[in-house]
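These notes concern the structure reproduced below.
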Amino acid sequence: MAKQDIPKAYDATNYEDGIYAAWEASGLFNPDNLPGDRPEAFSIVLPPPNVTGTLHMGHAVMLAIEDIMVRFARMRGKKTLWIPGTDHAAIATSTKVENILFKTEGKTRHDVGREEFLRRVEAFAQDSHDTIVNQCKKMGASLDWSREAYTLDAKRNHAVNVAFKKMYDDGLIYRGHRVINWDPVGQTTISDIEIVYKEVEATLYTFRYAKDFPIAISTTRPETKVGDTAVAVHPDDERYAAFVGKTFENIPFAGTTISITVVADKEVDPTFGTGALGVTPAHSLIDADIAARHGLAMKQVIGADGRMTVDAGTLVAGQTTKEARDTVAAWLRAQGLVEGEEKTMQNLATAERSGGTVEPIPMLQWFMAVRKEFERNGKTVTMCSMMRDAVESGKTKIVPERSEKTFFQWADNLRDWNISRQLWYGHRVPVWYRNDETFVGIEAPEGDGWTQDPDTLDTWFSAGMWTFTTLGWPDKTADLATFHPTSILETGYDILFFWVVRMMLMTTYLMDEVPFKLVYLHGLVRDEQGRKMSKSLDNIINPLDMIAKFGADATRLSLVIGSTPGNDSKLSEEKVAGYRNFTNKLWNISRFVLSSVEFPGTLVPSGAVDASATKVAGNQQSLADRWILSRLDTVVASVTKKLDANELSAAGEELRDFTWNDFADWYLEIAKIEKGKDAILMTVLETLMKLWHPFMPFVTEQIWSSFKGTTLMVEAWPTVAGHRDEAAEREFSVVQEVVTTIRNIRAMQRVEPAKKVVVTVDNASVLAHADVIKWLARLEDISLGDKPGIQLVLGDMDMVVERARLEKERDDLAAYVASTDAKLANVEFTSKAPEKVVAGMRAKRDEAKAKLDAIIAQLSS
RNA sequence: GGGCGCAUAGCUCAGUUGGUUAGAGCGUCACAUUGACAUUGUGAAGGUCGGAGGUUCGAAUCCUCCUGCGCCCACCA
């Protein structure tokens with residue numbers, strides 16, 4: 001292939017889209033079309049991006065990591081499936097569309113109505129979906145688009161209804177009137193994990209309900225106190241012991257009348273404030289628990305509209321909570337009931353999506369009973385215990401391993417999950433009512449007069465079923481049999497609780513199987529300074545920009561190399577540029593090889609890469625040839641092992657070192673003077689293309705197809721060919737050292753040009769490579785001496801390279817042997833160390849001794 | 001308050017069952033360049049592995065404490 005046929009620099013934008021289109025057209029992303037017999041299956045479901053907009057770096061890192069895993073598995077001959085999909089993300093999407101609606105038309109969802117609103121959300125979701133799909137393709141993700149799914153499409157809706165009905169029938173889903181987290185802005189309930197805490201300043205009031213009330217309490221929310229039904233104190237608190245059990249009836253309080261019972265409860269901290277806690281059962285989850293324990297009455301004083309109810313009394317009824325707070329505080333002051341006011345910092349619960357201040361309110365909602373006991377396989381279990389057992393037993397592993405501890409903590413503390421939402425966009429609760437009748441079913445009931453429950457399900461309900469609904473459940477499909485449990489779930493550690501926990505919960509229950517064998521958690525992509533990327537900081541790096549500028553391959557490498565599971569990584573444009581340089585280096589390595597060998601396409605028969613190298617190269621192999629083939633074998637073995645262990649970064653680094661340092665900087669330089677290396681050059685190049693393909697699919701596919709004409713994506717992964725040659729590796733390292741030393745001498749000479757240097761190389765095997773040394777050290781202009789080896793006259797400073805190196809090594813080894821001897825004597829004397837240790841040390845010492853003897857012999861000959 | 005981490009070169013980080021002389025990338029500096037590649041090559045400088053103890057023949061690695069950071073959960077009313 002002529003050099004001028006290949007561009008000097010690799011410009012990714014010229015190739016990537018075309019290559020992706022060709023892959024897609026080949027149908028090879030679909031495991032059913034993969035060539036050969038593939039008994040072992042490998043599957044990943046793509047964590048479905050929310051249809052709320054565009055992909056960010058978090059998605060890019062996810063796509064990069066998963067595509068590496070998937071392409072590696074495919075090349076290893078596994079029946080490989082990676083399922084794409086998107087998530088309807090009920091709250092997030094609704095909120096987004098509501099915001100747009102309000103901004104552009106000044107309307108709320110209620111103004112346009114349920115049907116019209118849903119139409120708009122779906123249009124938005126479709127748009128967003130198309131953008132996301134395009135971005136996945138830009139990243140090179142080898143997703144099987146023929147199996148694409150949506151968390152809210154008809155198939156998934158059917159599955160959700162089946163699951164709901166089953167769990168309802170089994171008593172694991174129930175409807176109950178309980179204190180839940182109400183988001184007054186989003187007008188919906190939210191689960192515990194959808195709460196984010198903001199630190200705000202608040203006033204802590206200490207006061208009494210009435211002048212003659214014996215106990216003072218503290219609160220930052222005086223307005224809720226009209227709903228108090230009790231005061232709780234610690235059981236051991238002697239100050240209040242006399243009052244425990246007493247009820248103070250009909251206390252006039254801020255426009256209403258309250259009755260307060262004094263109870264003793266261990267949850268109360270006697271050291272905080274007055275040591276007494278005013279209990280508001282309807283508007284605090286903690287208080288609701290206390291109330292439940294003591295059988296206290298619950299009085300709702302805040303409504304779903306965020307305003308005080310009629311029950312709150314004449315003084316505050318109809319006011320917002322904020323207004324009521326001031327009103328009650330003013331009333332307390334006027335009555336002379338306040339005993340203290342101080343500013344404190346408080347963690348305010350807000351809704352993650354809408355930003356609204358979360359109000360605990362009692363409401364009739366649907367719940368999943370995660371701690372309810374039932375029988376399964378002859379054992380008494382709960383959903384939580386099943387989920388916990390899956391990880392404890394090792395059926396599902398989590399990397400990094402420390403995340404398993406976090407997972408257990410979660411499994412042990414999970415409360416019943418509020419699954420109903422008052423949103424319109426989502427899976428409608430499959431329950432119908434008529435008078436006093438309730439019907440729970442997969443389809444609407446027959447007959448007239450039925451009304452469906454207006455609520456929808458938490459988005460994580462359908463997301464929790466993602467691994468098996470995408471494979472066809474509840475039908476018994478071939479996909480389900482082949483690909484479930486999935487091999488790996490790869491996702492960010494930040495949604496371990498949101499999603500991974502839900503999947504474990506629902507899959508272990510519904511499938512009696514784990515959803516995945518391995519959870520691989522990646523970290524957050526941060527900016528150069530380690531800050532989160534955010535709009536307000538204006539430090540967002542858009543993956544599409546990076547792809548346009550440096551190519552998808554470079555973008556992928558920059559996200560994968562240098563980051564380890566569970567740890568955040570930093571990204572800068574310079575980093576991506578660095579990997580673009582590497583992409584170009586690989587391109588030019590190929591350009592050089594392909595333009596120097598005569599028949600690149602046929603030199604190495606397809607499917608027999610490794611064996612042919614031995615045959616063709618035969619006995620004419622030089623030291624450099626044996627060295628590079630040995631190194632290649634080492635790298636193939638090591639990279640395969642690392643990828644098997646999902647150590648992507650380490651695998652990539654090793655490959656880069658070999659490609660750049662060993663192959664390009666040494667072997668290719670030698671190939672410029674030692675001829676007849678075509679077969680080896682092609683062997684290394686082809687193997688490199690395969691090894692790099694999972695990481696850099698585009699550039700490798702482009703290079704491969706330019707001389708091979710087949711699809712690299714489905715080529716077989718290289719295997720170890722049996723070229724390991726430790727002697728060659730050792731010997732070559734000496735050559736490298738000699739060349740390096742000479743280069744240094746030349747550099748020194750330039751600094752001190754007056755001195756002359758004579759370099760003598762007297763190592764026989766190194767001598768055999770005089771030409772290589774001369775070439776690499778650029779010695780052609782320097783005269784060679786005649787003996788005892790190559791004498792390179794550079795100046796008048798005598799420097800015997802090999803002798804110097806050996807002498808240094810001898811001294812080091814002698815010191816090591818001596819110190820080991822001393823230690824061994826000590827070990828044997830105390831006899832405390834295990835025999836294994838002593839033996840190990842002795843073996844190492846003996847090895848060093850032997851080496852030392854060899855060096856001494858060589859030096860004295 | 002409960003839990004999980006991190007601290008290794010100027011910066012970003014590897015270092016997987018404790019083992020000979022602790023590594024890489026970037027950056028810096030010096031030198032090189034008609035050869036596939038200036039998106040290049042060669043080399044140098046730079047580390048008491050946060051501190052103090054301990055276990056061990058041997059510790060960046062294991063244990064304890066201290067210092068300084070980060071994250072998650074709880075939500076003190």
Side-chain angles (χ1 to χ4, degrees), chain A residues 3 6 8-10 192-193 195 197 204 217-221 224 232 267-269 271-274 276-280 284-287 344-349 400 402-403 405-406 408-410 413 493-494 496-497 524 528 530 550 554 561-564 566-572 574-575 577-596 645 647 649-650 653-654 656-657 664-665 668-669 672 739-740 743-744 746-747 750-751 776-778 812-813 815-817 819-820 822-830 832-833 837-838 840-841 844-845 847-848:
Chain A
K3 203 160 39 189
I6 310 170
K8 275 183 88 145
Y10 173 70
D192 296 347
I193 50 177
I195 293 174
Y197 290 93
L204 182 68
I217 58 161
S218 299
T219 186
T220 53
R221 302 200 56 189
T224 64
E267 287 301 301
V268 179
D269 176 2
T271 64
F272 183 86
T274 62
L277 166 66
V279 183
T280 323
S284 156
L285 278 91
I286 300 280
D287 291 7
T344 54
M345 292 313 285
Q346 185 192 31
N347 271 334
L348 184 69
R402 64 180 184 292
S403 297
K405 290 183 197 168
T406 328
F408 288 139
Q409 220 194 323
W410 247 89
N413 293 308
Y493 66 73
D494 49 332
L496 178 66
F497 311 129
L524 259 51
E528 227 173 331
F550 306 110
I561 295 186
S563 58
T564 44
N567 295 325
D568 295 350
S569 58
K570 296 179 189 180
L571 184 73
S572 60
E574 291 75 49
K575 195 169 168 183
Y579 285 106
R580 185 269 323 268
N581 293 357
F582 179 70
T583 313
N584 189 60
K585 184 75 183 180
L586 193 64
W587 177 262
N588 271 290
I589 286 169
S590 311
R591 180 169 182 256
F592 173 72
V593 172
L594 294 175
S595 58
S596 11
E647 292 169 16
S649 176
E653 278 182 69
E654 176 152 11
R656 183 188 51 194
D657 286 351
D665 291 343
L668 290 191
E669 287 305 314
K672 286 173 187 171
V739 170
T740 304
R743 281 168 176 165
N744 286 346
R746 299 199 70 191
R750 236 163 246 112
V751 178
L776 293 174
R778 298 284 189 269
D812 289 346
L813 281 170
Y816 172 72
V817 169
S819 72
T820 309
K823 286 173 196 162
L824 270 173
N826 199 9
V827 177
E828 279 161 19
F829 184 73
T830 61
K832 266 163 81 182
V837 174
V838 178
M841 289 175 69
K844 274 181 180 156
R845 179 206 53 188
E847 199 184 314

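Below, chains carry the letters A, B, ... as their sequence lines are ordered, and counting in each starts from 1. Hydrogens, waters and symmetry mates are skipped; everything else that's a heavy atom, side chains included, is used.
Whole-Å rounding puts the A/D192 CG to B/C75 C1' distance at 11 Å. Between the CD1 atom of A/I589 and the C1' atom of B/U39 there is a distance of 13 Å, given to the nearest Å. For A/Y493 and B/C4, the OH to P distance is 17 Å, given to the nearest whole Å. Distance, A/L586 CG to B/U40 C1': 15 Å, rounded to whole Å. In this structure, A/R402 atom CZ and B/C73 atom C1' are separated by 16 Å, rounded to whole Å. Atom P of nucleotide B/U12 and atom CD of A/E528 are separated by 10 Å, given to the nearest angstrom. The CD atom of A/E654 sits 15 Å away from the P atom of B/U16 (whole-angstrom rounding). Rounded to an integer number of Å, the gap from A/Y10 OH to B/U40 P is 17 Å.
A sub-4.0 Å separation between OP1 or OP2 of B/G35 and a side-chain N or O of A/K672 is absent. Residue A/N588 has no polar side-chain atom (N or O) positioned under 4.0 Å from OP1 or OP2 of B/U39. Between A/N567 and B/C71 there is no side-chain N or O to OP1 or OP2 distance below 4.0 Å.
Of the candidate nucleotides B/U12, B/A36, B/U40, B/A36 has the atom lying nearest to any side-chain atom of A/F592. When distances are taken from the side chain of A/V268 to each of B/A36, B/A77, B/C4, the shortest belongs to B/A77. Picking from B/A74, B/G2, B/C37 the nucleotide with the shortest atom distance to the side chain of A/Q409 gives B/G2. Candidate nucleotides B/A36, B/U16, B/C75 were compared by shortest atom distance to the side chain of A/E647, and B/U16 ranks first. When distances are taken from the side chain of A/R656 to each of B/A24, B/U12, B/U39, the shortest belongs to B/A24. Nearest to the side-chain atoms of A/N347 among the listed nucleotides B/A36, B/A14, B/A74 stands B/A74.
The partner of B/A9, taking Watson-Crick or G-U wobble pairs whose two distances both stay under 3.5 Å, does not exist in any strand shown. When both distances must be under 3.5 Å, the Watson-Crick or G-U wobble mate of B/G46 does not exist. In this structure, B/A14 makes no Watson-Crick or G-U wobble pair, since no nucleotide meets both defining distances under 3.5 angstrom. Nucleotide B/A60 has no partner under the Watson-Crick or G-U criteria, as no pair reaches both atom distances under 3.5 Å. When Watson-Crick and G-U wobble pairs are counted only if both distances are under 3.5 Å, B/A22 pairs with no nucleotide at all. Base pairing annotation: B/G41 forms a Watson-Crick or G-U wobble pair with B/C31, both donor-acceptor distances under 3.5 Å. The base-pairing partner of B/A77, taking Watson-Crick or G-U wobble contacts with both distances under 3.5 Å, does not exist among the strands shown. Base pairing of B/A36 is not made with any nucleotide, judged by Watson-Crick or G-U wobble geometry with both donor-acceptor distances under 3.5 Å.
Rounded to a whole angstrom, the distance from the P atom of B/C4 to that of B/U64 is 12 Å. Nucleotides B/A60 and B/G50 place their P atoms 10 Å apart, quoted to the nearest Å. Taking the P atoms as reference points, B/C63 lies 11 Å from B/G5, given to the whole Å. Atom name C1', nucleotides B/A30 and B/U67: the rounded distance is 40 Å, in whole Å. Going from the P atom of B/G1 to that of B/G19 covers 38 Å, rounded to whole Å. If you take atom P in B/U21 and the same atom in B/G68, they sit 35 Å apart, rounded to whole Å. Look at the C1' atom in both B/U42 and B/A59: the space between them is 36 Å, to the nearest Å. When the P atom is compared between B/G46 and B/U39, the two are found 30 Å apart, to the nearest whole Å.
At a threshold of 4.0 angstrom between heavy atoms, the contacts of A/R580 include nucleobase atoms, whether or not backbone atoms are also involved. Here A/F497 lies in heavy-atom contact (under 4.0 Å) with sugar-phosphate atoms only. Within the 4.0 angstrom heavy-atom criterion, only backbone atoms of the sugar-phosphate kind lie near A/K405; the bases stay farther away. A/S649 comes within 4.0 angstrom of nothing in the nucleic acid, heavy atoms only. Nucleic acid contact for A/K585: base, since at least one base atom lies under 4.0 Å from a heavy atom of the residue. If you check every strand for non-hydrogen atoms under 4.0 Å, A/K575 touches nothing. Residue A/I286 is classed as a sugar-phosphate contact, given heavy-atom separations below 4.0 Å to backbone atoms only. Within the 4.0 angstrom heavy-atom criterion, no nucleotide atom of any strand lies near A/S569. Across all strands shown, A/T406 has no heavy atoms under 4.0 Å from either base or sugar-phosphate atoms. As judged by a 4.0 angstrom heavy-atom cut-off over every strand, A/A349 is placed among residues making no nucleic acid contact. At a threshold of 4.0 angstrom between heavy atoms, the contacts of A/Q346 are confined to the sugar-phosphate backbone, with no base atom among them. Residue A/N413 is classed as having no contact, given no heavy-atom separation below 4.0 Å to the nucleic acid.
A residue-by-residue look at A/L668 and A/I193 shows that A/L668 has its nearest nucleotide of RNA chain B further toward the 5' end. Mapping A/E653 and A/D568 onto RNA chain B by nearest heavy atom places A/D568 closer to the 5' end of the strand.
Taking CG from A/N584 and CZ from A/R591, the interatomic distance works out to 9.5 Å, rounded to the nearest 0.5 Å. Here the straight-line distance linking atom CG of A/L348 with atom CD1 of A/I195 works out to 10.5 Å at 0.5 Å rounding. In this structure, CG in A/D192 is found 7.0 Å from CG in A/L285, a value given to the nearest 0.5 Å.
The backbone N or O of A/A9 sits nowhere less than 3.5 Å from a side-chain atom of A/N588 that would complete a donor-acceptor pair.
Between A/T280 and A/T224 the shortest heavy-atom distance is CG2-O, 3.3 Å. Nearest heavy atom pair, residue A/F497 against residue A/I193, reads O-CD1, 4.1 Å. For A/D568 against A/L524, the heavy-atom pair with the smallest separation is OD1-N, 2.9 Å.
Here the side chains of A/T583 and A/F550 are not in contact, with every heavy-atom distance at 4.5 Å or above. Residues A/K570 and A/K575 have side chains not in contact (no heavy-atom distance under 4.5 Å, counting atoms from C-beta outward).
Between A/Y10 and A/W587, the two ring planes are tilted [angle within 30° to 60°].
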